[in-house]
Every structure is written in structure tokens, then in C-alpha cells.
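FYI, side chains are in, hydrogens and waters are out, and symmetry mates aren't considered; it's all heavy atoms of this structure.
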Amino acid sequence: MAKFKLGDIVFIVVYFSWIFFILISSYWNTILGLARLTMVDEYSYLLAVLLVLVFIALEKLSNVKLYLRTGLQNVMVTLLLISLSLYFYMLSWISEYTLELQTLSLIFMFWALIALIVDLRSLAKIKSIIALSLLLVPVPRIVLDYVAALLSKGVAEVVASITGAELIIREAVVLKTIGPEGEPVLFEVGPACSGIVSLMGFIVGLPLIINFVHSSNVSKHRKTIATLTSSALLLTLLLLSNLVRLTLIVLSGKIWGLNTAMNVFHYTPSIFLTIISVTAVMLVLFKIIPGHKIHIAKTLKLTSKLSKNTLASLLLLLAVFAFIVPELLESSTPYIPVKVKGQIIPAEEISTNIENYVFNSTLFKILNVKREGRIEVALNIPIVKLVTMKYRDILLRAYIEGSDNPAQFHGWPVCLTYQGYSLDKYWVETIEGYGVGFQVVFVEASKEFSKILMAYIRLPIVVSYGGFEKQFYIRITAFTYDSSKDSATKYAILENAIKDIVDNLNLKPRETLVGRVVNVSHTIPAFVLAVAVANIGLIVYSKIAGRE
């Protein structure tokens, strides 16, 4: 067994430099989107999760010895992970979960390049790190929004009973109390105040709990008790801390007024409450499992089984990957060439005139356009417009939203829930015939004697920004109200309106060097299947050969 020499250290440095170059050049928009997402309250937990994963990785790697080795199995596993990564990236453009799937693609690509040089048995020893890295995939916005809507009502009801505030549920969940001078003081219980941010802290603390308990030298029975007890305590503390914070906001508004309430308690970052809760639970865990210590070695134990020729071949292969991977990803990206006189329109034109490009057909007659500035600020989205129009002589309304980060779009189910609607139906259909399939989401909700029907589609477009082309996203939501029992006719109208919008936008796949040679939307799924079957065959063959 060869010792780990200076030449191997140089190889590791160069290899990982290539890996990060490939990932950054291929997934720059994804990485930028994740960075921006961590600035949103509901997703601030992602940064804490990253730090927790780094800590756990350092601890795990200090207790195992990794072997650098490349063989047929490594190549096959790498190909499988790369093909799955490409498949997830391709799906990201036709799904509501664009950033989520692209993050999953990024993680798979990273582990694919690691699996190429690390012995698979060594990888099995750090399988917990591989599994935990999936926590970096953002929880879908629609899930967070829906849970936040439920929490908002529940938390507001409890706070109202404690403080004596009046609970109002209309377009939002509001707590109303009387200030020190008899003035009405209103507090909107939005997603950030609902407890969803604290609840996401559970994702931060749970890996620490599991890692600590799993690495301890106690019985399985004691491990189970410790895990369940500490997890339940963490969840309770997280929800209770937010409840206390909201109660203090309302009480301070009642005693000292709105400004004091907002300045003292409202702007306290929820992540601080998460850190306090996680620290308290870990202290309890130290008491349940005493004497357990965390050991982190200063250096990583590595053993190399790679020859000089193999090292050179791997670096050459990475150089090829550095060209191919971005091309493959780009060729799977559809886009809408919204143009003015043959030129891609500038970003500022999208902001001021987007409705005229979306509804650029004689089938649509725009009657009124209203810029929803309040909603733009609340959702942190650059563009929200409400358009009233006639479509084939039928009155329709539509929201046009635009953002460079697809995860910023709120979920319509939560918006309707906040306004007191009950969600009756929710389903997805696919529009084919544009090189790729695009999903149209249909929603039916009711409140008292009124019913709202809506259909929306989210599309990537290309705009010019500062002399460069950049990806941008628009979501078009057509809706109408219906008081009759039969809504099939209006659903057909909404569906046809969405199809006409897509037709008018002249939807096309992006033209790339790879895309001119092969149809990526068909080739990538076929490649995934072929490599998966080859991996299964290789496993079966190795088992048979091992018995012989």
C-alpha cells in the first residue's frame, strides 16, 4: 500500500481546484440564487446547515482513512451520478422547483467527481456526510408557504387568547390591540412571524443531535431515548420561542406603542432564537450521554493507490469535463427569446413594459395595468403587475411576476389561505410541442359563496443586463371568479389563454453546440437508464464472481 506523498498532495489540490472551477462555471446562477435565498428569513437556515455540515464532515473525516483509487466501479458510479445530475438540471426548467432541482443537480455533480478518485468502500464510511448534504436543497417554497399559513392562524389564535388582542383574518392574518394612547395597533402575522423560520431551525439542530448520539459509545436503547427526547425538546423550544416573541411584540405594542414593539422584538432575527434553542438542547444531550467528546484531527488520513499515468489521465478528464458539463447543462435550458426588433430586450424594458410582450396578440385586449408595489416589497420580488384584459371577448385578470430568483415566487395556495379561501382542487398539466414540456398549475378555491379559478405557468426568459445576457423568470397567473357550480367552461378558457400566451412568446429550446447534435431532452433520460442498468449488471457480476 503506497504512502501518501507530496506529489499526491499536489494532485489533490489541483483536482479539487478543477472540481470547484467546473461547479462554479456550470452552476454560477444556482450558487448565486442560493446565496440570495439565505437572505430571506424563511431560508436563513441554509447558511447554518452549511456550517453544521462542515463541522460534521471535519469530525467524520478525522476518524476514517480514505483511499484514493480509480477503477471500473468508480467510473460507473461517477457516470450514474453525472447523468442523474444532468437529468435533475433538465427537469428544473420545466418544473416549479427550479432552484431546488438545480441544487440537487449541483450536489450530485460534486459527489460524482469525488467518487471518481475515492475508493467506494471509503465513500461508504462517510455516507452520513453524503446523505446530510441533501439538506442543502431548499425546502420547496410552496411547502414553506403552506405550513406558514397554517402556523400563522394557529399562533395568532394562541397569542390573541394570551394578550386579549382581536384576531382579524381577511387578506392577511392580523392581530389588533389598543396602544397606550388609545390608538389601534395592528400586527400582521406574516410568514416570518408564523414560526416557520424557527421550525426550519429543526433542520439545523437535528443533524447535530443524530451525529452526536450515533458517535457515542452507549447502548442502542439509550441512543434511541436520547434522540427522541432531544428532538422533541428542540421542536418544542423552537415553536415556543417564536410564540413568546410574538406575544412580547403584541404586549409591548399595547404598553409602549407600535414603534417600540417593532424595534425591540420584531426585528430580532429568528436565527438567533434557533441558535439558543439548539445550544440548550445540546447541553441537555451532554447530560443524557455524559463523557462523550468530539474529536477533530488536524490532518486528513489519505492513502493513494493511483499511478502517475492515472493521475495525469484524471486531470485530463477533468479538463474535458470543464468544457462538456457547462455545454450539457446549457443545452438542456429552454428559454423564451422575448425580442424588440430582433434584439433581446433590456431588463428595464421587462420592468416597465412586460405586459405588452406577454399579451402581444390580438386575442388579448389590455384594459388596465396596476403595479402592485406593496406586494413587491412584501415578497421581495422586483415585478408584480395586475392586468385586467379581455380574452376572446371574455373578461379576465392576470398577475405578471418577474424575478431573477425562481424560489422567490410565493405559493398561490398560501396566498389564498391567508385570504380565508379553502383549497378545493390543485393539479398540474403539461403543455407539449415546444421542444420541452411546460407545466401549468390549476387551482380552485372557495370562500363562502364565491369561487376563484386560476391557472399559472412559470417560464425562463433571457434579458440583457449591463451588456450581458442573463436568465430571468416570469410567472403568469390568469384567474377569474365563478359563482356557478359548473366551472368546466372557464377552466377551458384559462387553459386556452395560457397556451395562447406561450404560443405568442415563441417558445424555443436554447441553441447550443451540443443541442445541434443531439436532442438532450431525449438523450439524457436514455443515458440515465443505460448507466443505471450497467451499474446493476456490474453489481450482479461482482457478486457472482465473488462467490466463485
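When side chains are defined from C-beta on, V440 does not count as touching T430, because their heavy atoms never get closer than 4.5 Å. I383 is not listed as a side-chain neighbour of S403, based on a closest heavy-atom distance of 4.5 Å or more. In this structure, L80 and I82 have side chains that are not in contact, with every pair of non-hydrogen atoms separated by 4.5 Å or more. Side-chain contact check for R36 versus D404: some heavy-atom pair is nearer than 4.5 Å. A heavy-atom distance below 4.5 Å is not found between the side chains of D500 and S361. At least one side-chain heavy atom of M90 sits under 4.5 Å from a side-chain heavy atom of P525. By the 4.5 Å heavy-atom criterion applied to side chains, I31 and L34 are not counted as neighbours. Side-chain contact between L395 and M389: absent, with no pair of heavy atoms (C-beta onward) separated by less than 4.5 Å.
Distance check, rounded to the nearest 0.5 Å: CG of L46 to CG of L135 gives 9.5 Å. Summarising the geometry, atom CD1 belonging to I324 is positioned 11.5 Å from atom CG belonging to L329; distances are rounded to the nearest 0.5 Å. To the nearest 0.5 angstrom, L86 atom CG is 11.0 Å from T523 atom OG1. Rounded to the nearest 0.5 angstrom, L104 CG and S133 OG are separated by 9.0 Å. The CG atom of N496 sits 11.0 Å away from the CD1 atom of I501 when rounded to the nearest 0.5 Å. Considering NZ of K370 and CG of N368, their distance stands at 9.0 Å, rounded to 0.5 Å.
Between V250 and T177, the shortest heavy-atom distance links the atoms O-CG2, 4.2 Å. Closest of all the heavy-atom pairs between I457 and Q439 is CG1-O, 3.5 Å. Summarising the geometry of Y473 relative to F409, their closest heavy-atom pair is O-CZ, 3.7 Å, with the distance given to 0.1 Å. Residues Y391 and I493 share a closest heavy-atom pair of CE2-O, 3.7 Å. Summarising the geometry of K385 relative to S351, their closest heavy-atom pair is NZ-O, 3.2 Å, with the distance given to 0.1 Å. Nearest heavy atoms, L459 versus I476: CD1-CD1, 4.5 Å.
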- Task: Decide side chain to side chain contact (heavy atoms under 4.5 Å, CB included) for I498 and Y456; before the verdict, give the C-alpha distance in whole Å, the side-chain angles of both, and the deciding distance to 0.1 Å.
- Result: CA-CA 7 Å; I498 294 293; Y456 67 87; 5.8 Å; no

- Residue pair V137, Y97: steps toward the side chain to side chain contact (heavy atoms under 4.5 Å, CB included) verdict: CA-CA 11 Å; V137 178; Y97 312 115; over 6 Å; no

- Task: Start with the C-alpha distance between L396 and L494, add both sets of side-chain angles, then the distance that settles side chain to side chain contact (heavy atoms under 4.5 Å, CB included), and finish with yes or no.
- Result: CA-CA 9 Å; L396 281 183; L494 292 178; 4.0 Å; yes

- Task: Could you give me the CA-CA distance, side-chain angles and deciding distance for R397 and V387, then say whether side chain to side chain contact (heavy atoms under 4.5 Å, CB included) is met?
- Result: CA-CA 6 Å; R397 304 182 81 188; V387 181; over 6 Å; no

- Pair T98-S92, side-chain hydrogen bond (donor to acceptor under 3.5 Å, both in side chains): steps then yes or no: CA-CA 4 Å; T98 303; S92 71; 5.7 Å; no

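No donor-acceptor pair under 3.5 Å is formed between the side chain of S83 and the backbone N or O of V528. Distance alone, capped at 3.5 Å, is enough to place a donor-acceptor pair between the S252 side chain and the L248 backbone. Side chain of S26 to backbone of L23: no donor-acceptor contact under 3.5 angstrom is found. A donor-acceptor pair under 3.5 Å is absent between the side-chain atoms of N360 and the main chain of N356, judged by distance alone. Looking at K490, its side chain never comes within 3.5 Å of a backbone N or O of F479 through a donor-acceptor pair. Formation of a donor-acceptor pair under 3.5 Å by the T163 side chain with backbone atoms of V159 is found in this model. One N or O on the side chain of S422 and one on the backbone of S446 form a donor-acceptor pair closer than 3.5 Å. Under a 3.5 Å cut-off, the side chain of S44 and the backbone N or O of T38 do not form any donor-acceptor pair.
Ring centers of F442 and Y426: at least 6.0 Å apart, outside the cut-off. Remark: aromatic rings of Y27 and Y89 are close, center separation under 6.0 Å.
In this structure, D393 does not pair ionically with K365, as no charged nitrogen and carboxylate oxygen lie closer than 4.0 Å. With salt bridges taken as basic N to acidic carboxylate O contacts below 4.0 Å, none links K451 and D424.
With a 6.0 Å radius and a threshold of 12 heavy atoms from other residues, nucleotides or ligands, F202 has its CZ atom above the threshold.
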